[in-house]
Amino acid sequence: MTAARAAVLRSRTLPFRVEDVTLDGPGPGEALVRIAGTGFCPTDLLPRTDRLGVALPLIAGHEGAGTVEATGPGVHEVATGDHVVMSFDSCGACRACLAARPAGCATFFPRNLSGRRTDGTGTALDAAGREVSAHWFGQSSFATHAVVPVRALVPVSRALPLDLLGPLGCGFQTGAGAVVNSLRVQAGSSVVVAGTGAVGLAAVMAARAVGATVVVAVDLLPLRRKLAEELGATHTLDGRSDTLTEELLEITGGADHAVDTTGLPSVITSLIRSLHSEGSCGLVGVQHGDLTVDPLLLASGRTLKGVIEGDAVPRLFVPRLIDLWQQGRFPFDRLIRRYPLDEIDRAERDVTSGEVVKAVLIP
Ligand code: CXF
């Protein structure tokens with residue numbers, strides 16, 4: 001049992017409340033991690049909606065990085081004192097995991113979005129001894145400590161700024177991985193990215209890093225479009241435009257690839273229409289409503305692909321992103337603003353309003 005402080009979401013409408021909690025474990029195959037910093041991602045706000053069914057109260061947070069403080073039975077891959085980035089959980093034994101596609105794990109949803117371990121046990125109690133859903137993406141890192149399955153951990157060098165690295169385990173991995181792993185963008189190709197939050201901007205940076213020569217960023221906010229240009233977008237467009245498809249076609253001549261991070265059916269439709277006849281579009285955003293697609297668009301050879309976690313193997317991909325960052329080719333740190341964990345409400349406000357791309361909470 002470990003005493004910790006955690007930001008607990010007790011109601012869909014009330015602010016997070018920082019409370020004393022007790023964490024169970026680390027059990028077999030788990031490690032206890034002291035959190036150095038944890039990113040705030042829009043997925044952490046899904047429990048405010050009725051779209052997931054995870055029971056409140058909940059400790060959210062799934063982009064943590066920290067130091068291993070203890071390990072459970074059978075853990076040999078990490079040791080006390082190791083610095084780790086925390087990514088999503090997977091089983092390691094299903095068809096997708098065996099094929100090095102852990103984001104397609106047969107038990108991805110129960111492991112990451114149910115709020116408990118897969119054996120049904122919970123991992124956190126509040127000060128009154130009542131159960132709090134935790135184990136969110138295998139971690140629940142809006143806290144001083146988290147109990148995490150070792151498969152979700154990526155060991156990193158102690159020389160790196162640990163508090164900033166957490167979002168590499170989800171948001172930045174998702175955007176960059178969509179470009180590198182899911183769509184396999186090639187040098188000299190064209191890429192359209194809709195939505196320039198953390199995931200979209202990671203896609204823009206990755207597209208430039210792999211040598212895409214036309215990178216079009218689409219967003220409603222002028223400041224975000226400017227930021228996208230600074231990070232490598234060759235063109236930017238206002239997502240409100242009635243002629244978005246035509247403008248995209250004019251710039252790209254028919255795009256090789258598109259990445260949607262908005263989840264908006266009207267935007268996705270524009271992206272599909274802007275592809276050339278064998279182009280591919282990755283859907284990364286959480287969908288807002290049904291998508292109607294003219295099958296003729298796909299019949300000619302276009303691909304529409306759902307993407308979770310950038311189809312990444314975190315232990316391979318996060319170190320690659322760190323290498324690119326060290327070479328100045330993936331400057332994710334520019335997108336981050338730090339907040340004390342106690343100011344999680346301010347972080348939520350700033351992320352929701354678009355004032356900040358990636359809030360990182362420091363517990
Ligand atoms: C999530 C998005 C919703 C489905 C599961 C993966 N990615 C990260 O936040």
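Counting starts at 1 for both ligands and their atoms, following the listed order.
Proximity annotation for atom 8 (C) of ligand 1: of C170, C41, G306, C170 comes nearest, heavy atoms only.
Sorted by first and then second residue, the ring pair (Phe, Tyr, Trp, His ring centres under 6.0 Å) pairs with a member in residues 290-345 read F172-F332, W325-F332; sequence neighbours excluded.
With ligand atoms numbered from 1 in the order given, ligand 1 contributes 7 (N), 8 (C) to contacts under 4.0 Å with heavy atoms of E309.
In this structure a side-chain-to-backbone donor-acceptor pair under 3.5 Å is present from N181 to G310.
At least one heavy atom of F108 sits closer than 4.0 Å to an atom of ligand 1.
Taking the centre and axis of the six-membered ring of F16, the NZ or CZ atom of R48 falls inside the cone set by 45° and 6.0 Å.
Among protein heavy atoms, atom 3 (C) of ligand 1 sits closest to V286 CG2, 3.8 Å. Nearest to atom 9 (O) of ligand 1 among the protein's heavy atoms is T43 OG1, 2.6 Å.
From S270, atom OG reaches atom CG of L237 across 10.5 Å, with rounding to the nearest 0.5 Å. Interatomic distance, L297 CG to L304 CG, rounded to the nearest 0.5 Å: 10.0 Å.
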